[in-house]
Amino acid sequence: MYLANMMHALVIEALSELYGAAFTDKDFQINQTKPEFEGDYTVVLFSLLKKTSQSPQVLGEALGNKLVAENASFFSSFNIIKGFLNLTISNTYWVNLLATNYNDPCFGKQPLNGKRVMVEYSSPNTNKPLHLGHLRNNFLGWSVSEILKANGYEVLKSSIVNDRGIHICKSMIAWQKFGNGETPESSGKKGDHLVGDFYVMFEDELKKQATELLEKENAGEISHYSIEQQEQLIMLQQQRNKFLEEDDSKSKERITKIDAELMETRRGATDIMLEVKSMLLDWEAGKPDVIELWTMMNGWVYDGMNTTYYNIGSDFDKTYYESNTYLLGKDIVQDGLDKNTFYRKPDSSVWIDLTAEGLDEKLVLRKDGTSVYITQDIGLAKQKYDEYKIDQSIYVIGDEQNYHMKVLKLICQRIGLKYADDIHHLSYGMVELPSGKMKSREGTVVDADDIIEEMEKEAREKTEALGKVKDFSAEELQQLYHTIGLGALKFFLLRVDPKKRMVFNPEESIDFHGFTGPFIQYNYARIRSILRKNEIGDDAEKKNIYLALDFLPLEKELITSLEKYPVIIKQACEELNPSAIAVYIFNIAKTFSSFFAEHSISNAETPEKKQLRLHLSMMTANVIKSGMGLLGIQVPERM
RNA sequence: GGUCCGGUAGCUCAGCUGGAUAGAGCAUCAGCCUUCUAAGCUGAGGGUCAUUGGUUCGAAUCCAAUCCGGAUCACCA
């Protein structure tokens, strides 16, 4: 049990004995004592006054005396200021903590709890390379998996690859038209980038053709549209004209929307789009030459992405492909129809009514019997259970899908999926540029491979300028640049609360100073350097030796912070929030850094003091390495 | 329009199950390398915690309303 929990229990017990009053740990707070007061932890007394009918001073006095008298090995003294009871934890406790854990690399982690959880993350498209947003997703997914493991869960990491559909056909068509048989080998391009380039080429061509249609349209020529499209265009134009007359901000907004719809209709009528649609039908029919092209180009993308995954240290226990899962879920719909969970409308489409939960009616099967996005997700959710008997499922998906995920969970609950209550959406905000959203159509995305390379370059320049590792081999240097560069990037993306959207400015490079990965890595390297240079005693009597010593303020601050690590791990798990770890580890590193500047370890006042500081440093290093590990960030022995 | 999320220092963010004088980093300014790694340390300046009202002994934190920003409400995925 940890300090805060233990103290709550002791206070509850004492209050019950003193006043016969029953309290729970939610009835009062125990906080860390503010530095300007004496003590380590503070019981806030105000909320206890009514039930005990005491004044703060009297209650604090009684409680403090009792706690210290009956737990002398735990509390050494107390004082009361206004309604705050400040308790000082005895040195014995801190010494025991240090002596027991200083060399335990698993400090704070829990043994297996028998629960199995699947974390789905990454979920790339096979028509373009990974960008900065994907990196946030990957780092979050990986880190949350590690955090769950540290809390005793068995974790299965999975990914669903979006490898089919109309957008995939776009790059295929573009390759056929403009590719001249180009391959990753012939062009020297990474496979995912090559395919991504064709996707961009497609969009350019589409834009060109749509503009041509617009020009024809302006010249009064509309025969290239189908009757339906013509009607649509006329209707939209009429609406547009109506809003033009209004001339207020609301109408301007509507006009923008209508313009987008108009353009979408034109895009749908282009020759190249017709080719794409026909290719999608061929793909679904399993036409051999289309399947062959699809297999080949997807293979290029997988090769490229695997390189990136390897680079960032991401991996998966199970990869699902939409080409295999897109038909899943239909049997569940049939089953749900039999049980009246779903209902059929006159046009024979199938729906579920979620209005009781404040949502809408949701379509699960089209009138032609084909399934929609949500249907395959339901199917996949069930398949995950059938395959792995998971107790929990976590989806790392952007916050634009909040509604979708809410619907998915609700439907899973309605159809009685076993673990439906334990479906969690780890929703994260977009990574934006100062100019706004990244748009692949406009080429304003920050490419994952580029930014990683940029970070490593930055790490190299800074390392060379400092010149501390001149004896490293080329290989060791490369490894170091990778550790530092990637560490800076991961920390940058993980230190922020996942649900908040964040701004990345490509003009300003990601910092290596202050609240950053490299600062923490640097402190780790400094500790390792000291530990290499000094002999660490393994004296069985060390507890008794320490007991005679007083902790200096910075030493106390360090050990107090280290004690909280297990609680932080638990909290990060409950909140599915790696930033809690990031903030905590930074504070540990910062405290150590002050301590390091203030007090000498090698030349401590006495040999005993030196051993105490070495053990304190060792425990700090272990916690830093462990915590950074939970973020997926490595720490170097030297830098 | 409905629903959801956000608004804290010039910038990027912590703090939010109510507690003592609201914290970091960057940037700015002033100091600190002949002893363990200066990617560091010490200090200074910088705040109407979007606004208003409410609950409370006590509100950045809870409630309500308003303003601003974003997402979403497809027979797209």
Side-chain angles (χ1 to χ4, degrees), chain A residues 25-26 28-29 31 33-34 36-37 42 44-47 49 56 81-84 86 123 125 162 164-168 322 326 345 347 349-351 358-360 362-368 370-374 376-377 398-404 406-407 427 429-430 432 434 436-437 459 462-463 465-466 468-469 484 488 492 495-497 499-505 508 511-523 525-534 579-580 582-584 586-587 589-590 593-604 610 613-614 617 638-639:
Chain A
D25 57 4
K26 289 199 174 130
F28 62 98
Q29 289 191 334
N31 303 327
T33 304
K34 301 263 170 198
E36 55 271 31
F37 301 104
T42 298
V44 182
L45 298 171
F46 297 106
S47 57
L49 301 180
I81 295 170
K82 291 192 245 170
F84 301 94
N86 300 326
S123 311
N125 277 328
N162 188 340
R164 65 164 286 280
I166 201 140
H167 52 296
I168 306 299
E322 267 191 36
Y326 81 107
K345 283 195 177 176
D347 69 355
S349 57
V350 180
W351 297 72
L359 303 177
D360 310 311
K362 193 81 190 171
L363 176 97
V364 291
L365 225 51
R366 296 190 187 101
K367 61 188 169 201
D368 62 6
T370 55
S371 64
V372 289
Y373 182 37
I374 193 91
Q376 57 173 298
D377 270 0
D399 61 6
E400 75 273 14
Q401 303 226 29
N402 284 355
Y403 178 75
H404 174 78
K406 207 167 163 184
V407 169
S427 163
M430 296 291 105
E432 292 178 6
K437 269 181 132 178
K462 290 194 154 58
T463 304
L466 290 168
K468 294 179 191 172
V469 287
I484 297 173
F492 177 81
R495 68 181 193 182
V496 182
D497 187 331
K499 68 171 177 288
K500 294 199 175 178
R501 65 204 160 89
M502 57 190 296
V503 177
F504 170 78
N505 189 347
E508 300 167 15
D511 222 313
F512 281 50
H513 302 272
F515 184 24
T516 67
F519 170 80
I520 296 165
Q521 292 171 323
Y522 172 67
N523 277 289
R526 288 209 291 196
I527 298 175
R528 296 303 303 167
S529 167
I530 293 166
L531 295 178
R532 276 193 300 271
K533 288 176 182 162
N534 291 282
S579 78
V583 170
Y584 170 79
F586 170 68
N587 281 323
K590 197 175 142 54
S593 197
S594 298
F595 165 66
F596 177 89
E598 205 75 18
H599 308 292
S600 175
I601 295 166
S602 309
N603 295 318
K610 177 173 170 179
R613 287 186 185 159
L614 283 172
S617 303
R638 289 175 57 194
M639 68 183 274

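Labels below follow one simple rule: chain letters A, B, ... track the order of the sequence lines, proteins then strands, and each chain is numbered from 1.
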Per the O4'-C1'-N9-C4 / O4'-C1'-N1-C2 angle with a 90° window around 0, C41(B) comes out anti
Rounding to the closest angstrom, what is the interatomic distance between G58(B) and A44(B) at atom P?
-> 32 Å
Which part of the nucleic acid does Ser427(A) contact within heavy-atom distance under 4.0 Å: base, sugar-phosphate only, or nothing?
nothing
| message | Is there, by distance only and without an angle test, a donor paired with an acceptor across the side chain of Thr33(A) and the base of A20(B) below 3.5 Å? | response | no
- Query: What is the nucleic acid contact for Asp347(A), judged by heavy atoms within less than 4.0 Å: base, sugar-phosphate only, or nothing?
  - Reply: base
*Looking only at side-chain N and O atoms, does Lys590(A) come under 4.0 Å of OP1 or OP2 in G40(B)?*
no
Re A30(B): Watson-Crick or G-U wobble partner, both distances kept under 3.5 Å, found to be U42(B)
When rounded to the nearest 0.5 Å, the distance separating CZ of Phe519(A) from NZ of Lys590(A) is 6.5 Å
query: Given the C1' atoms of G15(B) and G53(B), what is the spacing between them in whole Å?
result: 25 Å
Checklist entry - Does the side chain of Lys499(A) get closer than 4.0 angstrom to OP1 or OP2 of A71(B) through an N or O atom? => result no
Which part of the nucleic acid, if any, lies within contact of Phe37(A), taking any heavy atom under 4.0 Å across all strands shown: a base, the sugar-phosphate backbone alone, or nothing?
base
So, is Lys468(A) near the phosphate of A38(B), with a side-chain N or O under 4.0 Å from OP1 or OP2?
no
Original post:
Closer than 4.0 Å, any side-chain N/O of Tyr373(A) to the OP1 or OP2 of A77(B)?
Top reply: no
What is the nucleic acid contact for Gln521(A), judged by heavy atoms within less than 4.0 Å: base, sugar-phosphate only, or nothing? nothing
Atom CH2 of Trp351(A) and atom P of C75(B) are separated, to the nearest Å, by 6 Å
Practice item. Take atom P in U12(B) and the same atom in C5(B), then report the distance between them in whole Å. Key: 23 Å
Taken to the nearest whole Å, NZ/Lys34(A) to C1'/G15(B) is 10 Å
* Asked: Can you tell me how far P in G10(B) sits from the matching atom in A50(B), rounded to whole Å?
  -> 13 Å
Could you tell me whether Tyr403(A) contacts a base, only the sugar-phosphate backbone, or nothing, with contacts defined as non-hydrogen atoms closer than 4.0 Å? sugar-phosphate
Taking a pair to mean Watson-Crick or G-U wobble geometry with both distances below 3.5 Å, U3(B) pairs with A71(B)
(Q) Under 4.0 Å, counting only non-hydrogen atoms across every strand here, what does Ile484(A) touch: a base, just sugar-phosphate, or nothing? (A) base
Subject >> Pairwise P distance, A20(B) and C4(B) [rounded to whole Å] >> reply: 31 Å
Should we count NZ of Lys345(A) as having more than 12 external heavy atoms under 6.0 Å?
yes
Using a heavy-atom cut-off of under 4.0 Å over every strand shown, decide if Phe84(A) touches base, sugar-phosphate, or nothing.
-> base
Heavy atoms under 4.0 Å, any strand shown: does Lys367(A) hit a base, just sugar-phosphate, or nothing?
base
Pair Ile484(A), Phe512(A) - check side-chain contact (heavy atoms from CB on, under 4.5 Å), show working. CA-CA 9 Å; Ile484(A) 297 173; Phe512(A) 281 50; 3.5 Å; yes
Rounded to whole Å, the CG-P distance (Asp360(A) to U3(B)) equals 12 Å
*For Val44(A), report the nucleic acid contact type (base, sugar-phosphate, nothing); a contact means any heavy atom under 4.0 Å.*
base
> Closer than 4.0 Å, any side-chain N/O of Lys345(A) to the OP1 or OP2 of C75(B)?
Replying inline: no
Q) OP1 or OP2 of A39(B) sitting under 4.0 Å from any side-chain N/O of Arg526(A)? A) no
### Between A60(B) and U56(B) - C1' atom distance, rounded Å
16 Å
- Quick one: is Ser594(A) getting a side-chain N or O under 4.0 Å of the C41(B) phosphate, OP1 or OP2? no
**Request:** Please check the phosphate of G18(B) (OP1 and OP2 only) for any side-chain N or O of Gln29(A) closer than 4.0 Å.
**Result:** yes
To the nearest angstrom, the CE-P distance between Met502(A) and G6(B) comes to 17 Å
Sorted by position of nearest nucleotide on RNA chain B, 5' first, the leading residue of Arg638(A) and Leu45(A) is Leu45(A)
Would you tell me if any nitrogen or oxygen in the side chain of His167(A) comes within less than 4.0 Å of OP1 or OP2 on C76(B)?
no
Quiz item: Checking only heavy atoms, does the side chain of Thr516(A) share a donor-acceptor pair with the base of A39(B) at less than 3.5 Å?
Solution: no
* How about Phe84(A) and Phe46(A): are their ring centres within less than 6.0 Å of each other? -> yes
message = Over all strands shown, is Asn86(A) touching base, sugar-phosphate only, or nothing at heavy-atom distances under 4.0 angstrom?
response = base
Whole-Å distance, Met430(A) CE to C5(B) C1', equals 12 Å
Atom NZ of Lys26(A) and atom C1' of C62(B) are separated, to the nearest Å, by 16 Å
Phe595(A) atom CZ is separated from U37(B) atom P, nearest whole Å, by 14 Å
Does a nitrogen or oxygen in the side chain of Arg366(A) sit under 4.0 Å from OP1 or OP2 of C76(B)? yes
Could you give the distance separating U61(B) and G25(B) at their P atoms, to the nearest angstrom? 25 Å
Practice task
Name the orientation class of the two ring planes belonging to Phe492(A) and Phe504(A) (parallel below 30°, tilted from 30 to 60°, perpendicular beyond 60°).
Solution key: perpendicular
Discussion item. Determine whether the aromatic ring of Tyr522(A) stacks with the base of G40(B), defined as ring centroids separated by less than 5.5 Å and ring planes inclined by less than 30°.
Written reply: no
**Asked** Tell me, do Lys468(A) and Arg638(A) make a side-chain contact under 4.5 Å, heavy atoms counted?
**Response** no
| task | Side-chain contact test, heavy atoms from C-beta onward, threshold under 4.5 Å: evaluate it for Arg526(A) versus Asn523(A) and give yes or no. | result | yes
Within-4.5 Å side-chain heavy-atom neighbours: Asn162(A) and Ser123(A): no
Side-chain N or O of Ser593(A) versus OP1/OP2 of C41(B): is the shortest distance under 4.0 Å? yes
Identify whether any heavy atom of Asp399(A) sits under 4.0 Å from a base atom; if not, whether one sits that close to sugar-phosphate; answer base, sugar-phosphate or nothing.
sugar-phosphate
Quick note, Glu36(A) side chain, CB onward, closest among U21(B), G40(B), U72(B) is U21(B)
Under the side-chain contact (heavy atoms from CB on, under 4.5 Å) criterion, do Leu614(A) and Ile530(A) qualify, and how do the steps go? CA-CA 8 Å; Leu614(A) 283 172; Ile530(A) 293 166; 4.0 Å; yes
Using side-chain hydrogen bond (donor to acceptor under 3.5 Å, both in side chains), reason through Asp511(A) and Thr516(A) one step at a time and then give a plain yes or no. CA-CA 7 Å; Asp511(A) 222 313; Thr516(A) 67; over 6 Å; no
Next on the checklist: By a 5.5 angstrom centroid cut-off and a 30 degree plane limit, is there stacking between Phe596(A) and C41(B)?
Outcome noted: no
(Q) Using OP1 and OP2 only, check whether a side-chain N or O of Ser602(A) sits under 4.0 Å from U35(B). (A) no
Paired to A64(B) by Watson-Crick or G-U wobble criteria (both distances under 3.5 Å) is U52(B)
*C33(B) to A24(B) separation - P atoms, rounded to the nearest Å*: 25 Å
Rounded to whole Å, CG of Asp497(A) lies from C1' of U61(B) at a distance of 15 Å
Of Lys500(A) and Gln401(A), the one whose nearest nucleotide on RNA chain B sits closer to the 5' end is Lys500(A)
